[in-house]
Number of protein chains: 2
Amino acid sequence: MYNKNLVDDIMKILSVNNESNLPLHNPVFSGNEEKYLIDCVRSNFVSSVGEYVIKFEKMLVDYTGSKYAVVAVNGTAALQVSLQLAGVEENDEVLIPALSFIATANAVRYLNAIPHFLDVGYESLGIDPNDLDIYLSDFIEFHNGLARNKFTRRYIKAIVPMHTFGHPVDMDALCEVASKFRLTVVEDAAESLGSFYKNKHTGTFGKVSALSFNGNKIITTGGGGAILTDDDELARIAKHITTTAKIPHQWEYRHDMVGYNFRMPAINAALGCAQLEQLPQFVLNKRKLADYYKRKFSKIDGVSFFSEPEYAKSNYWLNVLLLDKENAGFRDNILEETNNAGIMTRPVWKLLNTLEMYQNYPAMPLTVSRDLEQRIINIPSSAYLAENL
Amino acid sequence: MYNKNLVDDIMKILSVNNESNLPLHNPVFSGNEEKYLIDCVRSNFVSSVGEYVIKFEKMLVDYTGSKYAVVAVNGTAALQVSLQLAGVEENDEVLIPALSFIATANAVRYLNAIPHFLDVGYESLGIDPNDLDIYLSDFIEFHNGLARNKFTRRYIKAIVPMHTFGHPVDMDALCEVASKFRLTVVEDAAESLGSFYKNKHTGTFGKVSALSFNGNKIITTGGGGAILTDDDELARIAKHITTTAKIPHQWEYRHDMVGYNFRMPAINAALGCAQLEQLPQFVLNKRKLADYYKRKFSKIDGVSFFSEPEYAKSNYWLNVLLLDKENAGFRDNILEETNNAGIMTRPVWKLLNTLEMYQNYPAMPLTVSRDLEQRIINIPSSAYLAENL
């Protein structure tokens, strides 16, 4: 049953530029990285009060169009704080996609809240607003003016659209459903820096949003993340809570709530400034690579390349090869052959609700997620691969 | 009543090398910092899987004598994980000094556990084992083989000696009391890298311990921390839990518990390697500076310089000037005059149990802590100040 022709065809297309060692996503450091790092060390401010921290926040504001950006040690921390700012409290339910990286669920649990898993759709690989509307109509009731799960009797405070592999969720439609059910939108934009929904940057539709600059992301700060918001007061609290909730004073050490040591250090922000300067070029290169894949895979039977939704301009963070249903059984063969050949590929994450610590939480019927889980293969997506195409 | 002579005498001694701008504690970057940062960027591995991460852990093991070191994004995260490894669970009580930085209490709360505040002693400025023994005898009972607070009925799982400003707690005596009451010792060694108790490095007495490399510490990684332990299994779990509890696999994304994105990025570890190479010299310099202060302040009436306990060799992270009781009322005058003159000084932290979010937790009578809070002034302590002494 093993389809050798299909595997060979895929391998051939993936051998971009005939390279023999193809990581899934490597960063590109071809700008001012070394210059800014040296400058940061020589300034003596490598930690959380350095100038580069402020500069990186300003650059993020300029690029995304968000009114505020507050940088953090990583995307998980940024999402945790975003959820807290959205009013999520112990025992509240938070609606998140089952098809996501573990951080989306963990951030909810750090607040002692309950993840409630949603299915995703074929258009964006993220939450489908139409399916969501139908699902929520079945189990949400209003109590004290707040949305409540009529079965578990827990309040539902927030919904977290995650822009899977950089492809934006249909935010107009999603925000409409969220508004109808009085849910605060917190975007998990960890994968979508450089992705736009109807010409507006992802992460600017939610009340609060989280970005990530982990080593595998489109730009990296080593480890890092950011909270985006247009709300003056939430921005103030975001800064306060990520800097141990210390009340500014010339010498006194007084803190007024349980805060976090979550501020991004300047040494990481220095790297971020250099990387962000190159982001427009990274996006161009990644879209060029996606275009190459799209053209090539259109000629192969049995698989298809996943393209951005019509309303979006994606960063194509991780490119997605979709196996036809009848080829889903070959997924692991393809993963094995490609990885053994030095071409790094991977399946999508295990659905979060199937992991042992998340099995007993509420979940929508996950028909599409289950189908996609068997058919998605991520393929090499580094920006530099586009250089000789 | 304002004692101008005393303030003038203090200012004169603090004007080390006649410098006019004296921060409390600035880092020194005079080694391989730039070289390692550039090497790290050129290696393309700036994030959590870089070689510098492993190298920094190895260097920490060599320096401290701990069997294992697992690096983390900061000292707070390291302490949170250390407490979890020590078995601290929701609603357990954890014994911590009231005289400490906010992170000590916050780490307990992140686990939904209850801080129980202890007094400190005059010998080390940390927990006094004799007072502790008497206090614990009054309220600990054993239940299911575990220590329990007989009044609150909550289990007490761990005790956290914090080596204040680098001065080691009397660990032999403390471990004996802890053992008597079946408490696991978790050292908060955030301030004591380079400090030894009876020739053994602090952080190697607890079952698990936490270090910090924040920007104000004796060495810095921008932001960073480490978990120390001699226990093979706990070291394995520490690594697992700080790397999102992902089960190693060539491509699969499976996680078996709620872990954290707490691994130190390589770019920070690269800085750490360069800094750690210089640590022995930093300790020498800081001890030389402390010696200068000690000699000078011995000639001033009304104040005294705080010296390491007899059993210890301290890193003198932040030097401590102790006002005599009759001069405690001048503390804020001294803080104001010195800071206005560009000589950065500060009082000790507000006692943790007096902060609004920690007011309703159990606390030992805090006689010594309250006294010290009024009399401690931290004075400029950067290693480079010793250079021309």
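Just so it is clear, the values below take in all heavy atoms, side chains as well, and ignore hydrogens, waters and symmetry mates. Chain identifiers are assigned alphabetically (A, B, ...) following the order of the sequence lines, protein sequences preceding nucleic acid strands; residue numbering begins at 1 within each chain.
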**Request:** Compute whether any side-chain donor of one residue and acceptor of the other, for B:N214 and A:S47, lie under 3.5 angstrom apart.
**Result:** yes

**Asked** Can you check whether B:T244's main-chain N or O pairs, donor with acceptor, with A:N106's side chain at less than 3.5 Å?
**Response** no

**Request:** Over all heavy atoms of both residues, which pair between B:G222 and A:I267 is shortest? Give the atoms and the distance, please.
**Result:** CA-CG2, 4.3 Å

**Complete:** Ranking A:L352, A:N339, A:T354 by heavy-atom pairs under 4.5 Å to chain B gives rank one to A:N339

**Item:** Shortest non-hydrogen separation from B:P265 to A:G223 and the atoms involved
**Value:** CG-N, 3.5 Å

**Complete:** Looking only at A:L335, A:N378, A:L355, most heavy-atom pairs under 4.5 Å shared with chain B are made by A:L335

**Message:** Looking at B:K35, I'd like to know if its NZ atom is crowded, meaning that more than 12 non-hydrogen atoms belonging to other residues, nucleotides or ligands lie closer than 6.0 Å.
**Reply:** no

**Item:** Residue among B:A103, B:A245, B:A107, B:P27 with most heavy-atom pairs under 4.5 Å to chain A
**Value:** B:P27

**Prompt:** What part of B:N26 lies closer than 4.5 angstrom to a heavy atom of chain A: side chain, backbone, both or neither?
**Reply:** side chain

**Request:** Check the pair B:E356 / A:D256 against side chain to side chain contact (heavy atoms under 4.5 Å, CB included), numbers first and verdict last.
**Result:** CA-CA 6 Å; B:E356 53 188 285; A:D256 62 359; 3.5 Å; yes

**Prompt:** For B:T345 and A:W251, which heavy atoms make the closest approach, and how far apart are they?
**Reply:** O-CB, 3.9 Å

**Item:** Side chain, backbone, both or neither of A:T221 within contact of chain B (heavy atoms, under 4.5 Å)
**Value:** backbone

**Asked** Do B:H255 and A:F101 come within less than 4.5 Å of each other through their side chains, counting heavy atoms only?
**Response** yes

**Request:** Using the six-membered ring wherever Trp is involved, compare the ring planes of A:Y260 and B:Y110 and label them parallel, tilted or perpendicular (cut-offs 30° and 60°).
**Result:** parallel

**Asked** Which atoms form the tightest heavy-atom contact between A:N74 and B:N261, and what is the distance?
**Response** ND2-O, 2.8 Å

**Fill in**
Smallest heavy-atom separation, B:V41 atom then A:F29 atom, equals O-CD1, 3.5 Å

**Request:** Looking only at non-hydrogen atoms, find the nearest pair between A:K350 and B:Y253 and report the distance.
**Result:** CG-O, 3.0 Å

**Prompt:** Given that the side chain runs from C-beta out, which part of A:L271 has a heavy atom under 4.5 Å from chain B: side chain, backbone, both or neither?
**Reply:** side chain

**Prompt:** Does any heavy atom of chain B fall under 4.5 Å from the side chain of A:N44, the backbone, both, or neither of them?
**Reply:** both

**Prompt:** Given the options B:E90, B:E252, B:E33, B:R254, which has more heavy-atom pairs under 4.5 Å with chain A than any of the others?
**Reply:** B:R254

**Asked** Between A:R42 and B:E34, is there a side-chain N and carboxylate O pair less than 4.0 Å apart?
**Response** yes

**Asked** Does the side chain to side chain contact (heavy atoms under 4.5 Å, CB included) test come out yes or no for B:T76 and A:F262, once each step is laid out?
**Response** CA-CA 10 Å; B:T76 313; A:F262 275 173; over 6 Å; no

**Request:** Let me see the working for A:I38 and B:I38 under side chain to side chain contact (heavy atoms under 4.5 Å, CB included), right down to the final yes or no.
**Result:** CA-CA 8 Å; A:I38 288 172; B:I38 288 172; 3.5 Å; yes

**Prompt:** Looking at A:M344, A:K246, A:M257, which one has more heavy-atom pairs under 4.5 Å with chain B than the rest?
**Reply:** A:M257

**A:Q250 vs B:N340 side-chain heavy atoms within contact, under 4.5 Å** = yes

**Asked** Side chain, backbone, both or neither: which part of A:N112 has a non-hydrogen atom closer than 4.5 Å to chain B?
**Response** side chain

**Message:** As an exercise: rank B:L37, B:I102, B:N268, B:V28 by heavy-atom pairs under 4.5 Å with chain A and give me the winner.
**Reply:** B:I102

**Message:** Quick check on B:N216 against chain A: is it the side chain, the backbone, both or neither that has a heavy atom closer than 4.5 Å?
**Reply:** neither

